[in-house]
Amino acid sequence: MRTDAAQVLDSAIPVLAKDRGASMQVIATRAGISRATLTRMFPTRQLLVQAMAAKILDDCDQALSPAETHAAFTDQVLAGLVTEYRPFAQLWNLVYVEPDVLGAPEATERAEDIFTRLVAVMASGQRADALRVDMPATWLASTFCGLAETAWELTLEGHMGTRQAPDFITTVLHQGLTTETITPAR
């Protein structure tokens with residue numbers, strides 16, 4: 001039985017991502033604990049959701065910090081972000097796209113700050129000629145988060161292995177989805 005709050009949150013995050021209305025009982029069952037244990041840890045659903053959001057935001061901070069501390073953007077910086085894609089998927093899914101899920105404006109502000117920092121990392125990649133310069137850095141950051149969310153959902157649904165997800169994100173980021181260049185219609 002899981003009694004560590006971080007483990008319970010790790011179990012609860014995918015449940016709420018798939019079913020925003022999941023009850024405390026459903027979340028407890030999926031976490032492998034009793035509802036009583038869950039409510040001892042998080043007395044209300046709102047406190048549980050806020051703890052989940054705080055964990056996601058903390059995990060994003062930890063994943064983003066190494067990319068921000070590099071003197072120059074390199075393939076290793078991007079690889080580090082891709083390897084740690086999961087919190088960005090969760091940020092996009094649970095915090096940034098639906099901030100009203102939280103009921104906590106400070107979490108929304110932190111999410112926006114993290115996204116702004118991710119945009120700055122993408123812009124540094126553009127300045128280093130490591131990332132496309134024909135698109136705004138905001139688009140690149142949004143694409144990364146969208147791919148991260150897609151990979152995470154595919155792993156949750158069993159359509160992709162957890163070790164395949166970073167390769168999927170990297171391949172689509174570097175090569176796109178087609179094998180030939182397509183000129184957009186105007």
Please output the side-chain donor-acceptor pairs of residues 74-84 that fall under 3.5 Å, not counting sequence neighbours, one pair per line with the distance.
unit_1 : atom_1 : unit_2 : atom_2 : d
T74    : OG1    : Q76    : N      : 3.2
T74    : OG1    : Q76    : OE1    : 3.2
T74    : OG1    : V77    : N      : 3.3
T83    : OG1    : A79    : O      : 2.8

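- For T39, the side chain to side chain contact (heavy atoms under 4.5 Å, CB included) partners are M24, R35, not counting sequence neighbours.
- Note: D19 CG to R30 CZ = 7.5 Å, rounded to the nearest 0.5 Å.
- Looking only at distances, no side-chain donor or acceptor of Q90 sits under 3.5 Å from a matching main-chain atom of L57.
- Checked by atom type, the side-chain pair Q25/T29 shows a donor-acceptor distance below 3.5 Å.
- Here the closest non-hydrogen pair linking A137 and M122 is O-CB, 3.9 Å.
- T44 approaches L47 most closely through the heavy-atom pair OG1-N, 3.1 Å.
- Taking the side chain as every heavy atom from C-beta outward, L118 and L140 never approach each other to under 4.5 Å.
- Across all non-hydrogen atoms, the minimal contact from F73 to L131 is CZ-CD1, 3.8 Å.
- The minimum heavy-atom distance between A12 and I27, with the atom names listed, is CB-CG2, 3.5 Å.
- Taking the side-chain hydrogen bond (donor to acceptor under 3.5 Å, both in side chains) definition, one finds that D134 meets it with R132, sequence neighbours left out.
- The ring-ring contact (aromatic ring centres under 6.0 Å, His included) analysis of residues 128-153, with sequence neighbours excluded, yields the pairs F88-F144.
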Would you list the atom pairs, donor with acceptor, under 3.5 Å between side chains in residues 159-174 and any protein atom, with sequence neighbours excluded?
unit_1 : atom_1 : unit_2 : atom_2 : d
Q164   : OE1    : G161   : N      : 2.6
T170   : OG1    : P166   : O      : 2.9
T171   : OG1    : D167   : O      : 2.8

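- Within the structure, every pair that satisfies the salt bridge (charged side-chain N to carboxylate O under 4.0 Å, His left out) test and touches residues 38-58, not counting sequence neighbours, is listed here: D10-K55, K55-D59, D58-R110.
- Salt bridge status for K18 with E153: absent, with no side-chain N to carboxylate O gap under 4.0 Å.
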Only pairs under 3.5 Å count here: list side-chain donor-acceptor contacts from residues 64-72, not counting sequence neighbours, and write none if there are none.
unit_1 : atom_1 : unit_2 : atom_2 : d
S65    : OG     : D61    : O      : 2.8
E68    : OE1    : R117   : NE     : 3.4
E68    : OE1    : R117   : NH2    : 2.8
E68    : OE2    : R117   : NE     : 2.7
T69    : OG1    : S65    : O      : 3.4
T69    : OG1    : P66    : O      : 3.0
H70    : ND1    : P66    : O      : 2.8

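- Under the 4.5 Å side-chain criterion, counting only non-hydrogen atoms from C-beta, F42 is in contact with L9.
- Residues P87 and A63 come closest through the heavy atom pair CG-CB, 4.4 Å.
- By the 4.5 Å heavy-atom criterion applied to side chains, C60 and F115 are not counted as neighbours.
- Note that the CG atom of L38 and the CD1 atom of I33 stand 4.5 Å from one another [nearest 0.5 Å].
- Partners of Q175 under the side-chain hydrogen bond (donor to acceptor under 3.5 Å, both in side chains) rule, at least two apart in sequence or in another chain, do not exist in this structure.
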